[in-house]
Amino acid sequence: MQYWLMKSEPDEFSFDDLEAKGKKGEMWDGVRNYQARNFMRDMRVGDQVFFYHSNTTPPGIVGIAEIAKMAYPDPTQFDPEDDHFDAKSTTDNPRWDVVDVRFVRRFAHKLPLSDLKDDAALDDMYLTRKGNRLSVMPVEKDEWEHILDLSEHADG
DNA sequence: GCCAACGTTGGC
DNA sequence: GCCAACGTTGGC
């Protein structure tokens, strides 16, 4: 099993929205970055995911989700009406994939990005590296466990 | 609202 | 294949 972190702007799709979707979860559409897509193709059902809220005050991890369905073609890339339409993608050779993600549990408190940045044990995380803009990224097992530990002590 | 960082596009 | 221009992300 692997660990991941996925970012969402709560104005677009929040952790509350995911919880409301229940066991079936929700399709994680709209990823248009090759590196993020490649990570999604490595995801397996049951992999654990930190759910991160970006463009909020403060940004941070709000809880845990899990992969409910492996990668498959993103239907929004074929829809000319959709913001994520990609004219260069074909059904024969789709460029973009989605996975399904479902709610697992909420942290008692949001764990803010500043706490993660301040922690030397997390210096090598994708998330805390300067200039990182990936919306989907892997998390190492030791980082995962360290963050879980932090989440029990955060007061954000 | 600003801007640094980064990915993509397209002219050459 | 280089690289300038442009668009986007996302913290602050």
Side-chain angles (χ1 to χ4, degrees), chain A residues 2-21 25-43 47-67 71-101 103-104 106-140 143-144 146-151 153-156:
Chain A
Q2 290 184 263
Y3 301 98
W4 309 93
L5 183 144
M6 298 171 93
K7 293 179 183 175
S8 183
E9 297 189 29
D11 287 349
E12 300 290 323
F13 186 76
S14 71
F15 201 45
D16 284 346
D17 295 333
L18 185 67
E19 183 174 21
K21 297 289 179 179
E26 176 74 340
M27 189 174 69
W28 200 271
D29 62 14
V31 170
R32 294 294 180 269
N33 172 286
Y34 288 106
Q35 205 178 349
R37 181 205 65 184
N38 292 343
F39 285 140
M40 291 204 300
R41 288 181 173 176
D42 288 338
M43 291 173 171
D47 278 4
Q48 301 291 292
V49 179
F50 283 137
F51 197 104
Y52 179 95
H53 277 173
S54 63
N55 274 315
T56 58
T57 307
I61 299 170
V62 291
I64 295 173
E66 70 179 4
I67 304 304
Y72 57 101
D74 183 345
T76 66
Q77 69 193 310
F78 307 124
D79 179 1
E81 303 296 308
D82 195 282
D83 285 345
H84 300 294
F85 176 64
D86 184 346
K88 293 176 182 170
S89 189
T90 64
T91 49
D92 286 346
N93 188 19
R95 278 189 174 184
W96 306 112
D97 283 359
V98 295
V99 292
D100 286 1
V101 174
F103 179 92
V104 174
R106 185 183 305 275
F107 285 171
H109 304 283
K110 181 196 279 178
L111 183 55
L113 177 62
S114 56
D115 283 14
L116 305 175
K117 283 186 167 175
D118 286 347
D119 195 319
L122 301 175
D123 281 351
D124 291 335
M125 275 192 88
Y126 268 88
L127 184 70
T128 56
R129 285 184 212 164
K130 192 174 184 183
N132 164 62
R133 295 186 316 161
L134 273 180
S135 60
V136 176
M137 67 189 80
V139 175
E140 299 300 321
E143 293 165 349
W144 178 274
H146 189 78
I147 289 170
L148 279 187
D149 199 46
L150 288 180
S151 75
H153 303 103
D155 54 12

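Because the structure is predicted, anything quoted here is derived from the model rather than measured. Just so it is clear: chains get the letters A, B, ... in the order the sequence lines come, proteins before strands, and each one is counted from 1. When reading the values below, keep in mind they use all heavy atoms of this one structure, side chains included, and skip hydrogens, waters and symmetry mates.
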Check your understanding: Is A:Lys110 salt-bridged to A:Asp115, going by a charged N under 4.0 Å from an acidic O?
Key -> no
Exercise for review: Might you point out which heavy atoms bring A:Leu111 and A:Ser151 nearest each other, and give the distance in Å?
Suggested key: CD2-N, 4.1 Å
Exercise for review: For A:Pro73 and A:Val98, work out which heavy atoms get closest and say how close.
Suggested key: O-CG2, 4.1 Å
Revision key, fill the gap. Contacts of A:Lys88 and A:Lys130 projected onto DNA chain B by closest heavy atom; the upstream (5') one is A:Lys130
**Study point:** Start and end of chain A contact along DNA chain C [non-hydrogen atoms, under 4.0 Å]
**Key:** C:dG7 to C:dC12
Exercise for review: Please report the closest heavy-atom contact between A:Leu122 and A:Thr128, naming both atoms and the distance.
Suggested key: O-OG1, 2.7 Å
Practice item. Could you walk me through whether A:Thr76 and A:Asp79 pass side chain to side chain donor-acceptor pair (under 3.5 Å), step by step? Key: CA-CA 5 Å; A:Thr76 66; A:Asp79 179 1; over 6 Å; no
Scan the side chains in residues 53-66 of chain A for donor-acceptor partners under 3.5 Å anywhere in the protein, sequence neighbours excluded, and list what turns up.
from	atom 1	to	atom 2	distance (Å)
A:His53	NE2	A:Phe15	N	3.0
A:Asn55	ND2	A:Glu9	OE2	3.1
A:Thr56	OG1	A:Pro58	O	3.0
A:Glu66	OE1	A:Gln48	NE2	3.2
A:Glu66	OE2	A:Arg102	NE	2.8
A:Glu66	OE2	A:Arg102	NH2	3.1

Exercise for review: Kindly confirm or rule out a cation-pi arrangement of A:Arg129 over A:Tyr126, judged by NZ or CZ under 6.0 Å from the six-membered ring centre and within 45° of its axis?
Suggested key: yes
Check your understanding: Between A:Tyr72 and A:Trp96, does the ring centroid distance fall short of 6.0 Å?
Key -> no
Point to revise | Of residues 52-59 of chain A, the positions that come close to DNA chain C - non-hydrogen atoms, cut-off under 4.0 Å | key: A:Tyr52, A:Ser54, A:Asn55, A:Pro59
